Participant: 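Structure in structure tokens, see below.
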Amino acid sequence: MKKLIVANWKMNGSVQLAKELVRDIINGLSVLPDVLGKCEFIICPANLYMYIVRHSSATTPYITLGAQDCAAEENGAHTGDTSASMLKDSACRYVIVGHSERRIDRGETSAVIKAKAQAAHNSGMKIILCVGETLHDRQSGHAENIVRTQLLESVPETANVKNTVIAYEPVWSIGSGLVPELAEIRGMHAMIAQELEKKGWPAAEIRVLYGGSVKADNAKPILNMHEVHGALIGGASMDAAAFIAIAQTVETV
Ligand code: PGA
């Protein structure tokens, strides 16, 4: 199974930067057949810049367009929101749901995230569902329970191994430069996979990504763990060379 390398541009960029960034990513990857043999890429820009990624990557099968969020509702009077079917209609194939910046900063509960995940599935999109503990959760010894609860409460009945990828993102690691010990990542990923196996998902097809301060200089041992099926990358995804360098650390698929 190829590793999934996901760029989460968050609320960053401009028309010009998005054009240059996607151009540089494509130019860089196009001369690296070895990397393309081991990795698939998803780029999740702000909604306004989706057309740029869509247009620029129209002939690059290894790049898929993703969104950072979607509404739980199908359509209607929800000023400012974007529905899953609108995203699908705009060539998005994945949507991130449950990112901690939405769980915490926007107060989204696991019930809300579950509804968004279900809306994405109903529109035919795949989800990247994020879970992760805060520093307080970790220091009080509750990290695993918190992550398990988020997982069980956020994964909808519509989810299956084909339409759902999980991303383990410790909140304290996002944008901080800190990453957990490798054994901690391995343990959390194994727990997540076990919970999904209990739902009948085939173990060999389950994908659990790691996210949180992934950079070229720390990616190699993380991405080459058997339990880690890719990375969700924020800061380093805004720099084409840094983003590609992370993918280059993947040794085998
Ligand atoms: P980071 O962000 O790579 O900047 O830590 C990861 C994320 O929030 O998905």
Side-chain angles (χ1 to χ4, degrees), residues 3-13 17-18 21 25 39-47 49-50 53 63-70 92 94-108 110 113 116-117 120 126-135 137-138 143 146-147 150-151 154 164-182 184-185 188-189 192 207-225 228-250:
K3 303 274 181 179
L4 207 50
I5 310 293
V6 186
N8 176 9
W9 289 359
K10 307 192 180 185
M11 200 175 71
N12 292 305
L17 188 142
L21 189 49
I25 289 171
C39 303
E40 289 172 51
F41 298 86
I42 301 171
I43 298 181
C44 305
N47 289 358
Y49 304 143
M50 278 180 183
V53 176
I63 292 181
T64 304
L65 182 62
Q68 301 172 14
D69 182 38
C70 69
C92 270
Y94 281 86
V95 58
I96 298 170
V97 292
H99 193 283
S100 62
E101 286 152 19
R102 300 214 60 91
R103 285 182 187 267
I104 298 169
D105 304 354
R106 298 291 179 262
E108 292 185 5
S110 287
I113 290 153
K116 290 184 169 195
K126 300 183 184 188
I127 59 167
I128 300 168
L129 194 153
C130 303
V131 292
E133 81 285 359
T134 62
L135 191 57
D137 298 334
R138 168 163 288 243
I146 294 280
V147 170
Q150 286 179 354
L151 182 75
S154 316
T164 300
V165 174
I166 307 296
Y168 168 54
E169 295 208 308
V171 179
W172 53 274
S173 172
I174 295 173
S176 67
L178 303 171
V179 292
E181 300 289 328
L182 295 178
E184 293 171 320
I185 297 177
M188 203 64 95
H189 279 233
I192 291 169
R207 278 177 150 174
V208 186
L209 315 182
Y210 171 76
S213 293
V214 177
K215 311 276 179 230
D217 59 8
N218 63 18
K220 191 169 183 168
I222 298 174
L223 274 172
N224 289 297
M225 257 189 265
V228 177
H229 309 103
L232 180 51
I233 304 162
S237 74
M238 297 305 295
D239 176 328
F243 183 63
I244 293 168
I246 291 170
Q248 285 180 292
T249 68
V250 174

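Quick note: residue numbers are just sequence positions, from 1. On a predicted model such as this, the values are computed, not experimentally measured, just so you know. Both ligands and their constituent atoms are indexed starting at 1 by order of listing.
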Participant: Between Glu133 and Arg138, does at least one N-O distance fall below 4.0 Å, as a salt bridge requires?
Facilitator: yes
Participant: Do any nitrogen or oxygen atoms of Lys215 come within less than 3.5 Å of a nitrogen or oxygen of ligand 1?
Facilitator: no
Participant: Can you confirm, on distance only, whether ligand 1 has an N/O atom lying under 3.5 Å from any N/O atom belonging to Ser213?
Facilitator: yes
Participant: Have a look at Ala236, Ser173, Gly234, Ala231 and point out the one with the heavy atom closest to atom 3 (O) of ligand 1.
Facilitator: Gly234
Participant: Would you mind running through ligand 1 and noting each atom that sits below 4.0 Å from a heavy atom of Gly235?
Facilitator: 1 (P), 3 (O), 4 (O)
Participant: Which atoms of ligand 1 have any heavy atom of Glu169 under 4.0 Å away?
Facilitator: 6 (C), 7 (C), 8 (O), 9 (O)
Participant: When you compare the side chains of His99 and Gln68, does any donor N or O come within less than 3.5 Å of an acceptor on the partner?
Facilitator: no
Participant: Ser213 and Asn218: which non-hydrogen atoms are nearest, and at how many Å?
Facilitator: O-ND2, 2.8 Å
Participant: Looking at Gly212, which atoms of ligand 1 are within less than 4.0 Å of one of its heavy atoms?
Facilitator: 5 (O)
Participant: Please step through side-chain contact (heavy atoms from CB on, under 4.5 Å) for the pair Asn8 and Ile43, ending with a clear verdict.
Facilitator: CA-CA 7 Å; Asn8 176 9; Ile43 298 181; over 6 Å; no
Participant: Using a distance-only test with no angle check, is there a side-chain donor-acceptor pair under 3.5 angstrom linking Arg207 and Thr164?
Facilitator: no
Participant: Give a yes-or-no answer on whether the side chains of Tyr210 and Ser173 include a donor-acceptor pair shorter than 3.5 Å.
Facilitator: yes
Participant: Looking at Asn8, which atoms of ligand 1 are within less than 4.0 Å of one of its heavy atoms?
Facilitator: 9 (O)
Participant: Closer than 4.0 Å to some heavy atom of His99 - which atoms of ligand 1 meet that?
Facilitator: 7 (C), 8 (O), 9 (O)
